[in-house]
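Following: one structure in structure tokens, then a few remarks.
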Amino acid sequence: MTLWPGGPWLGGTSLETTNHWLSPLQVPALGLHVGGPAMLASQKDFNNAVSQVKLLKEDPGNEVKLKLYALYKQATEGPCNVPKPGMLGFINKTKWDAWNALGSLSKEAARQNYVDLVSRLSASSESPSPEAPAADRKQPESDSLVVTSEDGITTIRLNRPAKKNALTTQMYRDIIAALQAASKDESAITVLTGSGDYYCSGNDLTNFTHLPAGGLEEMARSAAALLRDFVNCFIDFPKPLVAVVNGPAVGISVTILGLFDVVYATDRASFHTPFSHLGQSPEGCSSYTFPKIMGSSKAAEMLLFGKKLTAQEACAQGLVTEVFPDGTFQKEVWARLKAYSKLPPNAMRISKQIIRNREKEKLHAVNAEESSVLRERWQSDECMNAIASFLSRKVKL
Ligand SMILES: CCCCC/C=C/CC(=O)SCCNC(=O)CCNC(=O)[C@H](O)C(C)(C)COP(=O)(O)OP(=O)(O)OC[C@H]1O[C@@H](n2cnc3c(N)ncnc32)[C@H](O)[C@@H]1OP(=O)(O)O
């Protein structure tokens, strides 16, 4: 909805005065000037600003337009002097409220505030946007993650196909940074996917071999902190988040799927959480999301016994939204995502917010608990032996 549908931003109104509930003393709280005439803009400055506002390259948004409207009315007509519109005239009532909120601010001060606001808007529309598309922003530290932005979609691609896209410590950090940037960029949708035949083989088991000076205990402490930050980013991510699962998925790449909004999978994908085999325990909030999504016994079969699901099974159990034939997977999924990315982004954000907000506190608590349990597990013999077996090529999942 726009506050100025089909008309000029500063369109006239037939409103008349009623009560004022914002005194001039409260006006500075809105960042408005109430100073003396010596500092005030001339009528010519004001006229220039009125012309300049029509040349702004970017729509400043309804809140700013409302402020401009109110200041314009105050500067040209003085304090609000028309009656409050009825409830049905919603747009006029919003405009009236904004004007009326300026109370008895003088015409001169309103003029100055208008000029200041337009000059700030002009300056920011001329400087490069601080939230440039992800492709133009700083790229991740290594080539193992590739971030691009196109057609309203920011894509975060795991790019370590020779290692089945196993996640190194640096990749966790880069994904955190990419999600933080994507949450602020201009894209409507964010996608996580993989390069090559795998989606992701989970945590890179060699992460556990780089022992810091503080030894195993310090390694477990810092890994738990990183894991917690990583999962928090998925919990808090504000836009639609879609997993394009291009092949088998293992470990943490499966568990965090419960925090995505939509999961599309090729029929070649499988979903495997071999935590007991590795002497570990669930993460990514899966101890909470999986029982909710698929019921407690199906979740237990995956999380306790490491049952590997086919794409069709994962879809039947609600972990996957839809499965596509491998031959047409990329074409079908990206065509669909491009269409979705044209939907009004604010509506999608707000809808996600309503859905997620109810769960956020719980999810953060689950993440904290899972990370702290894993910190202990990583120091256990069960875990150390399982990782040693994989690294010595004795065991493959
Ligand atoms: C900050 C820390 C947070 C920690 C969060 C905790 C998360 C928990 C998990 O994610 S648990 C899951 C861990 N993942 C695994 O246990 C998978 C181990 N990998 C395998 O079992 C197999 O490699 C496979 C089944 C994924 C694929 O088998 P395939 O035969 O098709 O291929 P290769 O085994 O030859 O693999 C190709 C090369 O990739 C290396 N590799 C694969 N996965 C991992 C991995 N997870 N960690 C490290 N390296 C991995 C594999 O070693 C081969 O390398 P090489 O060519 O140099 O031999």
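Numbering of ligands and ligand atoms starts at 1, following listing order.
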> Are Asp116 and Arg111 ion-paired here, with the side-chain N under 4.0 Å from a carboxylate O?
Replying inline: no
>> Checking side-chain polar atoms at under 3.5 Å, does Thr168 have a donor or acceptor matched by the opposite partner on Asp204?
In response: no
> For ligand 1, does Phe230 get within less than 4.0 Å through its side chain, its backbone, both, or neither, judged by non-hydrogen atoms?
Replying inline: neither
>> Using a 4.0 Å cutoff against the non-hydrogen atoms of Gly202, which atoms of ligand 1 qualify?
In response: 10 (O)
> Near Tyr172, which atoms of ligand 1 are under 4.0 Å from a heavy atom of that residue?
Replying inline: 1 (C), 2 (C), 3 (C), 4 (C), 5 (C)
>> I'd like the name of whichever of Arg377, Lys163, His272 reaches closest to atom 56 (O) of ligand 1 through any heavy atom.
In response: Lys163
> Counting only heavy atoms, which portion of Leu278 has something under 4.0 Å from ligand 1: side chain, backbone, both, or neither?
Replying inline: side chain
> At a non-hydrogen distance cut-off of under 4.0 Å, which region of Leu226 contacts ligand 1 (side chain, backbone, both, or neither)?
Replying inline: side chain
> Is a donor on one side and an acceptor on the other found under 3.5 Å between the side chain of Ser106 and the backbone of Ala109?
Replying inline: yes
> Does the distance from a Lys or Arg side-chain N to an Asp or Glu carboxylate O, for Lys164 and Asp197, drop under 4.0 Å?
Replying inline: yes
> Step by step, would you call Thr190 with Thr154 a side-chain hydrogen bond (donor to acceptor under 3.5 Å, both in side chains)?
Replying inline: CA-CA 5 Å; Thr190 301; Thr154 290; 5.1 Å; no
> What are the atoms of ligand 1, with element, lying closer than 4.0 Å to any heavy atom of Asp204?
Replying inline: 47 (N), 48 (C)
> Are Asn207 and Asn203 linked by a side-chain donor-acceptor pair shorter than 3.5 Å?
Replying inline: yes
>> Which of the numbered atoms in ligand 1 are under 4.0 angstrom from any heavy atom belonging to Gln280?
In response: 8 (C)
> Are the charged groups of Glu382 and Arg377 less than 4.0 angstrom apart, N to O?
Replying inline: yes
> Got an N/O contact under 3.5 Å between Asn207 and ligand 1?
Replying inline: no
> Any N/O of Tyr198 closer than 3.5 Å to an N/O of ligand 1?
Replying inline: no
> Would you say Ala162 contacts ligand 1, with heavy atoms under 4.0 Å as the rule?
Replying inline: yes
> In a check of side-chain contact (heavy atoms from CB on, under 4.5 Å) between Val245 and each of Phe260, Phe271, Phe324, Tyr198, which one passes?
Replying inline: Phe271
> Considering only heavy atoms, which of Asn165, Asn203, Val250, Val254 lies nearest to atom 10 (O) of ligand 1?
Replying inline: Asn203
>> At under 4.0 Å between heavy atoms, is it the side chain or the backbone of Ala166 that contacts ligand 1, or both, or neither?
In response: side chain
>> Show me which atoms of ligand 1 lie under 4.0 Å from any heavy atom of Ala223.
In response: 1 (C)
> Going by the order shown, which atoms of ligand 1 are within less than 4.0 Å of some heavy atom of Trp378?
Replying inline: 4 (C)
> Using 4.0 Å as the upper bound for N to carboxylate O, is an ion pair formed by Lys107 and Glu77?
Replying inline: no
> At under 4.0 Å between heavy atoms, which part of Pro274 makes contact with ligand 1: side chain, backbone, both or neither?
Replying inline: neither
>> Closer than 3.5 angstrom, by distance alone: can the side chain of Glu313 be matched with the main-chain N or O of Thr310 as a donor-acceptor pair?
In response: yes
>> Looking at Glu359 and Lys292, is there a salt bridge between them, counting it only when a charged N and a carboxylate O are closer than 4.0 Å?
In response: yes
> Can you find an N/O atom of Phe208 closer than 3.5 Å to an N/O atom of ligand 1?
Replying inline: no
